[in-house]
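Any value given below was found using the heavy atoms of this structure, including those in side chains, with hydrogens, waters and symmetry copies removed.
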Amino acid sequence: MTESHSSAPSHDEFGLIQWIRDHVAGQSSLPAVSVGIGDDAASVRLAPDQARNSECLVAVDMLLEGVHFDTATATARQIGRKALAVNLSDIAAMAGTPIAAVISVSLPRRVSSEFARDLHAGLADLAAEFDVALVGGDTNVWDGPLVVSVTVLGRSPASGPVLRSGARAGDAILVTGDLGGSLAGHHLDFTPRVRESRLIGDLVELHSMIDVSDGLAADLHHILEESGVGANIEAAAVPISPAAITAAASANASDARSPLDRALSDGEDFELLFTLSNDDAARLLNAPPCATPITRIGEIIVEPGCTLLDAAGNPTPLAPSGWRHQ
Ligand code: ADP
Ligand code: MG
């Protein structure tokens with residue numbers, strides 16, 4: 001197992017999250033809750049009559065040594081940077097603007113104080129790049145592995161956060177960047193799509209959005225389930241990372257997955273996956289507001305489920321875990 005692969009949640013984690021979501025369902029009627037459990041970030045009203053663009057987005061993500069990174073292959077700076085980057089990606093997925101972050105670190109007794117400072121430097125560099133204030137945290141030293149948990153606060157866009165649940169039949173499905181490069185190390189140095197999210201959101205009306213953390217197929221299924229719709233994906237349109245092509249060519253027999261399969265099922269791309277009307281999609285693709293590529297990969301349909309269409313239009317079911325040669 002690679003670092004990146006094992007970071008995708010198991011079904012038990014999804015089951016537990018669903019149980020917690022059901023358990024706190026009554027709280028979603030509290031006036032403070034604009035968006036509760038189940039999306040990339042929560043959105044909280046700090047005052048009862050608050051305008052949507054001043055709602056507070058909240059996201060937290062925890063990175064575990066041996067699961068999300070390995071101190072043998074990642075530097076302290078890379079680990080710190082990634083811990084913030086994954087959270088900024090979740091705020092971007094709501095079309096929000098990250099504002100401030102608090103950091104919890106459980107430091108193994110074995111690491112040096114230089115390592116701890118480098119970890120902070122990695123966080124601070126990325127925070128400065130996105131004008132995010134590091135406003136607090138908690139530090140403990142113990143005999144266990146390194147754990148870094150970052151909570152980020154953000155501002156919702158004026159029209160309200162873009163949710164996983166807003167996809168409509170007839171929407172075009174678009175994705176930023178390319179997919180499948182995380183195992184080649186991209187998961188340690190990706191740039192969260194905060195700027196792209198804002199530029200795209202300023203230009204068109206986004207119906208739904210998620211960041212690709214579990215893999216394109218899995219994260220598309222989150223949108224489909226939350227929105228109660230289905231999707232057709234055109235295999236030939238999926239933007240595949242050059243690293244996925246290289247990895248497929250050089251992989252040994254135990255990992256004979258095609259570049260497409262890697263792009264569909266490998267997690268931690270941290271690209272934005274979003275849906276919008278066909279007219280808005282055409283406008284966006286004709287005059288992209290950012291240098292990061294934007295690609296149309298399919299459409300939302302009424303019938304639930306997800307289908308992968310090959311170049312000849314032959315359908316294959318696309319499971320949340322991705323696609324396999326049969
Ligand atoms: P992401 O991949 O975008 O970080 P997750 O799959 O981690 O999203 O989480 C899905 C949803 O479940 C989010 O809304 C998250 O806040 C919520 N969640 C996860 N773990 C817990 C928990 N222990 N208690 C409450 N909510 C949780
Ligand atoms: Mg997310």
Original post:
Sub-3.5 Å donor-acceptor pair from the side chain of Asn286 to the main-chain atoms of Ala282, do we have one?
Top reply: yes

Original post:
Taking all non-hydrogen atoms of both residues, which atom of Leu285 and which atom of Pro288 are closest, and how far apart?
Top reply: O-CD, 3.6 Å

**OP:** Working to the nearest 0.5 Å, report the span between CG of Leu220 and CD1 of Ile297.
**Re:** 6.5 Å

Original post:
Could you give the distance from CG (Asp219) to CD1 (Ile210), rounded to the nearest 0.5 Å?
Top reply: 4.0 Å

Original post:
Between the side chains of Ser277 and Glu205, is a donor N or O closer than 3.5 angstrom to an acceptor N or O?
Top reply: no

**OP:** May I ask whether Ile300 and Leu318 are part of the same hydrophobic cluster, defined by side-chain heavy atoms of I, L, V, M, F, W, Y residues being less than 4.5 angstrom apart, directly or through others?
**Re:** yes

Original post:
Looking at side-chain heavy atoms only, is the closest gap between Val111 and Leu119 below 4.5 Å?
Top reply: no

Original post:
Which atoms form the tightest heavy-atom contact between Ala319 and Ala217, and what is the distance?
Top reply: O-CB, 3.4 Å

**OP:** Please examine the side chains of Leu272 and Ser197, heavy atoms only from C-beta on, and report whether any two atoms are closer than 4.5 Å.
**Re:** yes

Original post:
Side chains of Leu179 and Asp266: closer than 4.5 Å at any heavy-atom pair?
Top reply: no

Original post:
When you measure from the side chain of Lys82 to the backbone N and O of His68, does any donor-acceptor pair fall under 3.5 Å?
Top reply: yes

Subject >> Rounded distance (nearest 0.5 Å) linking atom OG1 of Thr316 with atom CG of Leu309 >> reply: 8.0 Å

Original post:
Is the backbone N or O of Ser213 less than 3.5 Å from a side-chain atom of Asp211, with the two atoms forming a donor-acceptor pair by type?
Top reply: no

Original post:
Which pair of heavy atoms, one from Ser208 and one from Arg164, lies closest together, and at what distance?
Top reply: CB-O, 3.9 Å

**OP:** In sequence, state the C-alpha distance, the side-chain angles, and the governing distance for Arg193 and Met209, and then conclude on side chain to side chain contact (heavy atoms under 4.5 Å, CB included).
**Re:** CA-CA 12 Å; Arg193 299 305 193 190; Met209 187 151 63; over 6 Å; no

Original post:
Of the options Thr176, Ile173, Val162, which is the one that meets Phe274 in a side-chain contact (heavy atoms from CB on, under 4.5 Å)?
Top reply: Thr176

Subject >> Full working for side chain to side chain contact (heavy atoms under 4.5 Å, CB included) between Val132 and Leu88 >> reply: CA-CA 9 Å; Val132 171; Leu88 299 190; 4.0 Å; yes

**OP:** Would you mind telling me which of Val152, Val60, Asp40 makes a side-chain contact (heavy atoms from CB on, under 4.5 Å) with Asp90?
**Re:** Asp40

Original post:
Looking only at heavy atoms, which two atoms of Pro98 and Gly96 are closest? And how far apart?
Top reply: CD-O, 4.0 Å

Original post:
Counting N and O atoms only, with roles assigned by atom type, does the side chain of Ser89 sit under 3.5 Å from a partner on the main chain of Pro192, one being a donor and the other an acceptor?
Top reply: no

**OP:** May I ask you to test the Ile79-Thr71 pair for a side-chain heavy-atom distance under 4.5 Å?
**Re:** yes

Original post:
If only atom types and distance count, is the side chain of Arg283 paired as donor or acceptor with the main-chain N or O of Leu203 below 3.5 Å?
Top reply: yes

Original post:
Any sub-3.5 Å donor-acceptor pair from Asn278's side-chain atoms to Gly170's backbone N or O?
Top reply: yes

Subject >> Ser182 side-chain N/O to His187 backbone N/O, donor-acceptor pair under 3.5 Å >> reply: no

Original post:
Donor-acceptor pair, Asn87 side chain versus Val150 backbone, under 3.5 Å?
Top reply: yes

Original post:
For Val35 and Pro161, which heavy atoms make the closest approach, and how far apart are they?
Top reply: CG2-CG, 4.0 Å

**OP:** Could you grab the distance from atom CZ of Arg81 to atom CG of Asp125, nearest 0.5 Å is fine?
**Re:** 8.5 Å

Subject >> Distance (rounded to the nearest 0.5 Å) between Ser34 OG and Asp39 CG >> reply: 10.5 Å

Original post:
Any side-chain heavy atom of Ile91 sitting closer than 4.5 Å to one from Ile99?
Top reply: no

Original post:
What pairs with His186 under ring pair (Phe, Tyr, Trp, His ring centres under 6.0 Å), at least two apart in sequence or on another chain?
Top reply: none

**OP:** Side-chain contact test, heavy atoms from C-beta onward, threshold under 4.5 Å: evaluate it for Ser265 versus Arg257 and give yes or no.
**Re:** yes

**OP:** Please say whether more than 12 non-hydrogen atoms of neighbouring residues, nucleotides or ligands are located less than 6.0 Å from CZ in Arg155.
**Re:** no

Original post:
Closest heavy-atom contact between Cys290 and Leu199?
Top reply: CB-CD1, 4.0 Å

Subject >> Flag side-chain contact, heavy atom, 4.5 Å: Val102 against Val135 >> reply: yes

**OP:** Apply salt bridge (charged side-chain N to carboxylate O under 4.0 Å, His left out) to Arg117 and Glu114, showing your working.
**Re:** CA-CA 5 Å; Arg117 283 196 290 267; Glu114 187 190 1; over 6 Å; no

Original post:
Do Glu268 and Phe270 pass the side chain to side chain contact (heavy atoms under 4.5 Å, CB included) test, and can you show the C-alpha distance, the side-chain angles, and the key distance before you say yes or no?
Top reply: CA-CA 5 Å; Glu268 304 222 317; Phe270 297 106; 3.6 Å; yes

**OP:** Group every Ile, Leu, Val, Met, Phe, Trp and Tyr by side-chain heavy-atom contacts under 4.5 Å, then state whether Val194 and Leu134 land in the same group.
**Re:** yes

Subject >> Separation of Ile103 CD1 from Leu123 CG (nearest 0.5 Å) >> reply: 4.5 Å

Original post:
Do Met94 and Pro157 touch side chain to side chain, with heavy atoms closer than 4.5 Å?
Top reply: no

**OP:** With side chain to side chain contact (heavy atoms under 4.5 Å, CB included) as the test, would you mind laying out the steps for Val229 and Arg168 before giving the verdict?
**Re:** CA-CA 7 Å; Val229 292; Arg168 307 173 198 169; over 6 Å; no

Which atom pairs, one a donor and one an acceptor, fall under 3.5 Å between side chains of residues 230-244 and the rest of the protein, sequence neighbours left out?
{"from": "Ser241", "atom 1": "OG", "to": "Ala243", "atom 2": "N", "distance (Å)": "2.9"}

